[in-house]
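Report on the following structure.
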Amino acid sequence: MCRIKRLSLLRLCRLLPSLLAGGMLCACSAGGAGADDSARIADSIALADSLEQVRRVTDLTTEAEEYADSVLRTLDARQMAGMLFMPAVYARGDGYNLHVINRYVQDLHVGGLVLLKGDLRGAAMIADTLRALAAPAPFLAVDAENGLRMRFEDAPEFPWNRELGHLTDDQLLYEFGRELARECRATGINMVLGPVIDVVPGEGSHGLMRRRSLGSDPRRVADLALAYARGVEDGNVISVAKHFPGHGSASADSHRALGEIRADRAVIDSVDLYPFRRYVAEGLSGVMVGHLAVKALDSVRRPAVVSPVVMQDVLRGQLGFEGLVITDALNMEGAMGVKGWQAVKAGADMVIAPSDTRGEITALVEAMRDGRLDSLVVADRCRRILFYKYLIGQDHPARLTDIDNIVHDVHSGAEALRDSIRAGLYRHMNSNLRR
């Protein structure tokens, strides 16, 4: 019997129509892939008993790799450099903002954008602009820790992780992730900068992180976060777990200062790295590296985003992560003024929110020219980015056909889920009161 490695959820999403059409997944419904369907799909693939079935499944990987290589051959040094950056922009549809985005894409060839404050219509207009400007289209990413309301003033709002961590039903987190993916797709967003899988020890962590974390039990954090991430990726949106190698016990907010983790290696392995290890084993897609100095992992005091020890030795080597490695925002104080090319050299695939995107791209090209950064390393980063763009369909992104009704469409499925989550939290509260 032929067996192949279990596929990532994103690859399963893209394969589903052809697999159904080919009769390989006769036990699955044609109405969409939920958690049970995805498990059956993966099992069907893993237990494929003919070379034809294996070929049908593995062809997507071959297609994605061939696509990445074919696009890569058309790029010059500056275009490759631009692909590694994701500047931050406001989610507004005004003429000036769209002009700025046009310049980012056409002049600087950026590989993605991160959306800041704005509204749903603005986000959708940006997504449609990106689709028309470039092929493959840039990633469009967003923070959505309490739903899209975290960034968009007119979007549905959900509880923060501090509350969600009290839920006893993992399925609710899966449904939250799946609903968020639906809202993202309706808006043209294809990457969620989450889940937060930092484990907080309690009062020793920074207050902001306590609100953003799912709790202090690494196993429970992993269970809930992975359910959420599976929901996001079952909806064909990239998830990005953060903040590697674990921000939970840092006493400083890395927006304002470099976070330092003083725990010993045994604690880091059993607590901080545990949810990331589970996320990697699940075959999920992205990891964000934080502005953290972790002495037990790297004896040099520096942000993890420029630590080859943290990114290459630990994340790639020890944990075996093969997906996208993304930096936290470089315009944060915790980045300590590091340069994008330094993060790429250390192991990052993509750099988020530099203070000066044009200047950073120029600096990366210069680093390639003078030998500080190997051009083969840059090509490898671009190849991985293009591979994931192919998996989520950014080679031929669909047009948003009804931007005028985007707010209604996004809200259409949110209320029922909010009610379910509230009911779950109410059951938890009543259970505690009865004790």
Side-chain angles (χ1 to χ4, degrees), residues 141 143-146 150 158-167 170 173 176-177 192-229 232 239-282 284-298 303-305 307 310-311 314-315 318-319 321 323 325-329 332-335 352:
D143 286 300
E145 294 171 25
N146 64 328
M150 185 174 179
F158 291 88
W160 284 88
N161 282 344
R162 178 171 57 188
E163 297 174 77
L164 295 176
H166 295 304
L167 291 171
D170 297 2
L173 267 294
F176 178 27
V192 168
L193 303 178
V196 174
I197 58 178
D198 302 299
V199 181
V200 294
E203 295 304 316
S205 60
H206 190 272
L208 178 63
M209 189 51 64
R210 288 199 298 275
R211 182 177 71 166
R212 300 172 69 189
S213 171
L214 287 161
S216 59
D217 180 348
R219 286 164 179 77
R220 193 66 193 133
V221 168
D223 289 344
L224 293 170
L226 265 63
Y228 167 94
V232 169
S239 70
V240 180
K242 59 188 183 184
H243 307 79
F244 191 82
H247 203 304
S249 62
S251 58
D253 176 1
S254 58
H255 292 85
R256 301 180 182 276
L258 177 66
E260 299 201 47
I261 307 297
R262 297 184 175 88
D264 62 31
R265 182 61 190 261
V267 171
I268 289 170
D269 280 340
S270 62
V271 176
D272 298 284
L273 292 182
Y274 177 83
F276 287 101
R277 195 175 287 113
R278 290 266 306 276
Y279 181 92
V280 170
E282 195 74 20
L284 294 155
S285 298
V287 168
M288 177 183 287
V289 179
H291 302 315
L292 304 162
V294 187
K295 187 176 181 180
L297 299 180
D298 186 352
V305 293
S307 170
V310 171
M311 287 195 278
V314 179
L315 181 56
Q318 296 172 22
L319 271 64
F321 183 60
V325 175
I326 298 173
T327 72
D328 207 343
M332 294 162 57
E333 293 297 326
I352 282 183

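Computed over heavy atoms, backbone and side chain alike; hydrogens, waters and symmetry mates excluded.
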Between CG of N146 and CZ of R211, what distance do you get to the nearest 0.5 Å? 7.5 Å
Under 3.5 Å, side chain of S285 to main-chain N/O of G323, donor-acceptor pair present? no
Side-chain donor or acceptor of H291 paired with backbone N/O of A329 under 3.5 Å: yes
Could you work out, with side-chain hydrogen bond (donor to acceptor under 3.5 Å, both in side chains) as the rule, every residue matching S239, not counting sequence neighbours? E233, Y279
Closest non-hydrogen atom pair, A304 against M311: O-CE, 3.6 Å
Testing L273, V325, V310 for side chain to side chain contact (heavy atoms under 4.5 Å, CB included) with L315, which one passes? V325
When rounded to the nearest 0.5 Å, the distance separating CD1 of I197 from CG of L226 is 7.0 Å
Heavy-atom check, side chain of Q318 versus side chain of L297, under 4.5 Å: no
Closest approach of G246 and L292, non-hydrogen atoms and distance? O-CD1, 3.6 Å
Return the CG to NZ distance between D143 and K242, rounded to the nearest 0.5 Å. 4.0 Å
To the nearest 0.5 Å, atom CZ of R219 lies from atom OG of S270 at 7.5 Å
Atom CZ of F276 and atom CG of D198: how far apart are they, to the nearest 0.5 Å? 5.5 Å
Which atoms form the tightest heavy-atom contact between D328 and G290, and what is the distance? CB-CA, 4.2 Å
Counting N and O atoms only, with roles assigned by atom type, does the side chain of D272 sit under 3.5 Å from a partner on the main chain of P245, one being a donor and the other an acceptor? no
Heavy-atom nearest pair, N161 first then R212, reads ND2-O, 2.7 Å
Residue pair S307 / D298: nearest heavy atoms and the distance that separates them: OG-OD2, 2.6 Å
Closest non-hydrogen atom pair between L224 and L214, with its separation: CB-CD1, 4.0 Å
Are L167 and F176 side-chain neighbours, meaning at least one heavy-atom pair lies under 4.5 Å? no
So F244 and V314, do their side chains get closer than 4.5 Å, heavy atoms only? yes
Any side-chain to backbone donor/acceptor pair from R277 onto D269? Under 3.5 Å, distance only. yes
CG-CD1 distance between L193 and I326, expressed to the nearest 0.5 angstrom: 6.5 Å
Check the pair D170, R220 against side-chain contact (heavy atoms from CB on, under 4.5 Å), reporting the backbone distance first and the verdict last. CA-CA 10 Å; D170 297 2; R220 193 66 193 133; 2.6 Å; yes
